[in-house]
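Just so it is clear: chains get the letters A, B, ... in the order the sequence lines come, proteins before strands, and each one is counted from 1.
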Amino acid sequence: MNRALRPLVATTAIFALAYLAAVIQFPAMLSTRVLGNFLTDNAFLGIAAVGMTFVIISGGIDLSVGAVIGFTTVLNAVLIMWLGLHPLLAFAISLMVAAAFGAVMGAAIHYLKVPSFIVTLAGMFLARGGASVLSSDSIGIKHELYTTISKSYILLPGGGRLTVIGMIMLLVFVFGIILAHRTRFGSYVYALGGSEVSAGLMGVPVARTTILIYTLSATLAGLAGIVFSLYTSAGYSLSALGVELDAIAAVVIGGTLLTGGYGFIAGTFIGVMLQGLVQTYIVFDGSLSSWWTKIVIGGLLFLFILLQRLVFSAASPRRKVFWKT
Amino acid sequence: MVEGAEPVVQARGIVKIFGQHRALDGVDFEVRPGEVHALLGENGAGKSTLIKILTGAYQPDGGEVLLEGAPVRFSDPLDAQRHGIGTVYQEVNLLPNRSVAENLFLGHQPTRFGIVQRKVIEARARDLLAGYGLEIDVKAELGSYSVAVQQIVAIARAVELSGKVLVLDEPTASLDRNEVAKMFEVVGRLKARGLGIIFITHFLDQVFEIADRVTILRNGRLIGTKVLSEVTATDVVRMMLGKDLAFDHGGVGVAEAMQGPVRVEFKSLGRQGKVAPFSLALHEGEVVGVAGLLGSGRTEMARLMFGVDPADCGEISVGGRVVNIRNPAQAVAAGFGFCPEDRKLDGIFGDLSVRENIIIALQAKLGWFRALNRDEQIEIAGNYAEALDIRAANHEMPVKLLSGGNQQKVILARWLAIDPNFLILDEPTRGIDVGAHAEIVRTINRLREEGLALLVISSELDEVVAYSNRIVVMRDREMVAELSGADIAPSVIVAAIADNPGAKVTAEVGA
């Protein structure tokens with residue numbers, strides 16, 4: 001089996017086993033209602049994690065994701081409630097602002113040769129600070145589009161609801177999978193993660209790819225912000241605090257190598273669902289503190305980092321070659 | 001080779017200057033279609049600079065590059081590739097994390113509606129590699145295959161994208177014999193297809209096996225281009241090292257110098273894939289010179305002795321007692337010192353002062369809890385600076401501001417400060433201006449007279465002859481000869497390096 005697939009298989013197996021164990025304890029967890037809520041409650045995290053997966057596969061990191069989500073919720077609220085713009089127009093503006101923000105960060109990373117960690121850390125402070133300057137108070141959003149969207153869903157057999165924001169997340173994952181595995185851009189992202197020098201010598205447009213990767217991540221963070229504002233019907237500068245770290249955790253648990261070059265968007269989906277599963281379990285249990293989510297995620301992260309070390313540092317097997325005679 | 005054919009690529013009077021240094025000085029070079037042209041020269045001869053100019057990584061400061069007779073200027077290696085010149089480096093510059101097929105077509109994948117046509121790529125990759133006699137799973141990660149396969153994939157990619165000239169920069173350095181044979185089969189097929197192939201290597205036997213012509217560079221100058229069927233290995237070595245055999249030193253008197261008891265002994269020390277097991281004993285007051293071409297295993301031998309690379313067989317004894325040396329710290333504890341070949345990279349701490357550079361090994365040996373105070377440091381540094389005649393305005397200036405010769409003496413002083421049993425000098429005169437050469441040689445002689453045991457690696461045969469009591473010759477990672485007495489002469493050394501049994505060599509292999 002392909003080495004890179006092993007962490008993904010392990011994640012999937014752990015998710016299946018954990019879900020099975022939870023269902024044995026609380027049979028009610030096996031329902032489309034719970035699954036539908038998984039998707040809805042973690043939609044913003046999942047969307048941001050798709051962008052983060054691209055960044056990490058390319059060998060970088062994006063710490064600005066949570067702050068961009070927070071900024072976008074505030075910007076949306078300001079545009080809709082204070083300036084009276086139609087939400088769709090506000091969404092478009094928010095996405096463009098986020099995209100431009102990501103492009104600038106990508107350009108700084110490439111042209112100034114500054115590590116992505118530092119650049120996106122600066123981006124994080126800028127976005128969070130900018131959001132607070134726009135409004136330090138929470139702004140409630142009241143608009144008929146918001147009401148319509150939050151009321152629309154597809155009824156699943158068994159009474160579960162596939163909400164609009166849940167569907168948005170699923171679409172983003174499908175888009176991410178195609179982009180990563182079926183396009184030239186995707187192969188360039190993996191190439192950068194493998195070796196930037198080799199990629200450059202092989203003709204990969206390094207500058208353009210780097211800028212596009214961070215643009216993509218910030219745009220998806222912006223979309224996550226829109227979804228978050230739909231989810232909460234509000235804009236608040238301190239919303240989605242630390243979501244970048246949850247996203248990184250989901251990406252790593254999903255089998256993407258933190259040093260870049262290997263990973264799957266689909267794995268990130270399972271990473272997000274695993275976090276949702278832990279949260280739901282805690283809700284069902286009722287007696288556990290919600291901080292147990294963090295402890296479980298921390299334990300899983302350690303496990304997966306260990307697993308990746310074992311899989312990738314073990315001398316890679318040399319295949320027997322069949323020379324044509 | 002097509003005799004008299006128009007060269008596919010040609011360099012005329014190339015000059016390249018780095019700062020004060022003329023890396024290439026009026027070099028001519030050409031490759032004809034269907035020819036394998038070997039490029040030889042020691043470190044610093046200008047091979048890689050010439051290749052970088054031909055492949056667009058550097059721009060020449062003088063002269064011109066012609067492609068099929070027309071002058072060209074490549075802006076970067078990709079541009080050169082588009083014009084038909086492809087390069088395969090020793091370190092495979094492909095992506096080990098991606099599939100073989102993707103490595104072959106990255107950046108040129110056929111797409112339909114923006115979606116990469118994976119099946120088409122895989123089929124084409126299989127066809128392409130079959131043409132090189134390689135039947136492998138093209139969907140597997142490149143990194144899961146041996147270096148030899150990766151090299152052939154790299155060649156296939158370069159030929160597919162360029163198709164006129166293929167530059168092979170030490171492609172066989174990390175391959176075993178069977179793999180080299182496979183590689184040469186591939187080169188033979190490409191040659192038959194009419195490609196011009198530039199082949200850079202350190203292995204003379206490989207040059208004679210596969211190349212049609214050879215061009216030899218030394219110190220940035222063209223020494224000559226020869227048809228290989230008309231020259232012998234000895235001629236080639238002589239051209240590379242620049243030794244006029246008519247001028248023979250004869251015994252220098254050093255050989256008879258007094259020898260004390262055995263100081264350090266290496267018994268069948270070796271490391272798989274690096275150096276074949278060798279035995280060597282060094283006496284007090286003895287200098288053993290190491291001769292051999294670049295890549296012959298001379299530096300690897302020094303690294304093994306100093307524990308930089310741990311040996312996987314054999315033993316080391318100091319003063320008759322067996323010691324365990326698995327890393328440099330243990331070597332220092334045993335009283336070994338090592339002045340590495342690349343001074344700037346591995347030797348000096350450029351930003352630290354002369355004083356700090358001198359005392360650092362001693363301090364490391366003493367450990368954390370016996371810190372030398374500033375007065376002691378100044379005294380120690382002062383003593384050695386005086387003894388070795390280190391010329392610095394003061395001992396607090398950064399060592400990077402000193403001349404190469406003085407930097408070398410600072411490193412020597414560093415090791416002398418620990419009162420060593422045994423010193424290894426790897427190319428002590430490289431990159432030092434000619435005037436300072438004699439001074440380093442005098443210093444080596446003085447250290448010997450003081451009773452130190454030294455191992456000196458050098459490609460300057462005149463110098464090796466001037467200070468060595470004995471000389472060992474390395475070839476193909478093996479110690480092939482040990483010369484002493486009247487045999488310490490450039491002509492004999494050259495013959496031993498070239499493995500020419502016709503010359504007068506009295507080889508006593510082993511100690």
Side-chain angles (χ1 to χ4, degrees), chain A residues 1-6 56-59 174-175 177-209 255-257 259-264 308 311-325, chain B residues 55 57 76-79 81-82 87 89 91-118 121 129-137 139-150 152 154 157-158 161 178-179 181-182 185:
Chain A
M1 183 171 59
N2 193 332
R3 287 187 303 155
L5 272 170
R6 281 179 220 165
I56 292 180
I57 288 173
S58 80
V174 170
F175 165 78
I177 289 169
I178 292 171
L179 191 63
H181 303 297
R182 289 278 182 261
T183 65
R184 279 195 192 176
F185 172 76
S187 62
Y188 293 162
V189 174
Y190 283 95
L192 283 188
S195 160
E196 197 178 313
V197 176
S198 294
L201 282 171
M202 290 171 83
V204 170
V206 176
R208 196 179 78 200
T209 308
T256 297
L257 200 63
T259 45
Y262 295 92
F264 299 94
Q308 291 185 348
V311 171
F312 285 95
S313 66
S316 62
R318 297 293 188 202
R319 274 157 204 267
K320 207 174 159 191
V321 178
F322 300 98
W323 296 100
K324 219 182 196 176
T325 45
Chain B
T55 57
D76 55 57
L78 284 176
D79 190 28
Q81 192 176 65
R82 277 191 291 272
T87 313
Y89 303 92
E91 301 292 328
V92 182
N93 271 306
L94 294 180
L95 299 160
N97 61 328
R98 303 307 287 160
S99 74
V100 172
E102 188 168 322
N103 269 291
L104 284 170
F105 292 101
L106 186 77
H108 308 270
Q109 300 112 314
T111 57
R112 181 186 288 164
F113 312 121
I115 300 297
V116 170
Q117 293 176 287
R118 200 179 277 183
I121 291 176
L129 290 179
Y132 291 85
L134 207 53
E135 276 194 349
I136 56 175
D137 177 8
K139 286 183 277 189
E141 264 174 49
L142 182 74
S144 64
Y145 290 105
S146 69
V147 178
V149 172
Q150 297 188 28
I152 290 174
R157 180 180 164 97
L161 296 178
N178 278 331
E179 291 171 332
K182 280 294 169 194
E185 214 178 285

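- Using a 4.5 Å cut-off between heavy atoms, A/Leu179 makes no contact with chain B at all.
- B/Leu95 and A/Ala199 get closest at one heavy-atom pair: CD2-N, 4.4 Å.
- Judged by distance alone, with hydrogens and angles left aside, the side-chain atoms of A/Arg184 form a donor-acceptor pair with the main-chain N or O of B/Gln109 at under 3.5 Å.
- The OG atom of A/Ser187 lies 13.0 Å from the CZ atom of B/Phe105; values are rounded to the nearest 0.5 Å.
- Of all non-hydrogen atoms in B/Gly114 and A/Thr183, the two that sit nearest each other are O-CG2, 3.6 Å.
- Formation of a donor-acceptor pair under 3.5 Å by the B/Arg98 side chain with backbone atoms of A/Gly194 is not found in this model.
- Taking both residues in full, the closest heavy atoms of B/Leu106 and A/Ala191 are given as CD2-CB, 3.9 Å, listed atom of the first, atom of the second, then distance.
- Among B/Leu161, B/Leu94, B/Asn97, the residue with the largest count of heavy-atom pairs under 4.5 Å with chain A is B/Asn97.
- For B/Asn103, the parts sitting under 4.5 Å from any heavy atom of chain A are the backbone and the side chain alike.
- Between the CD1 atom in B/Ile115 and the NE2 atom in A/His181 there is a gap of 12.0 Å [rounded to 0.5 Å].
- Looking at B/Pro96, only its backbone comes within 4.5 Å of chain A, counting heavy atoms on both sides.
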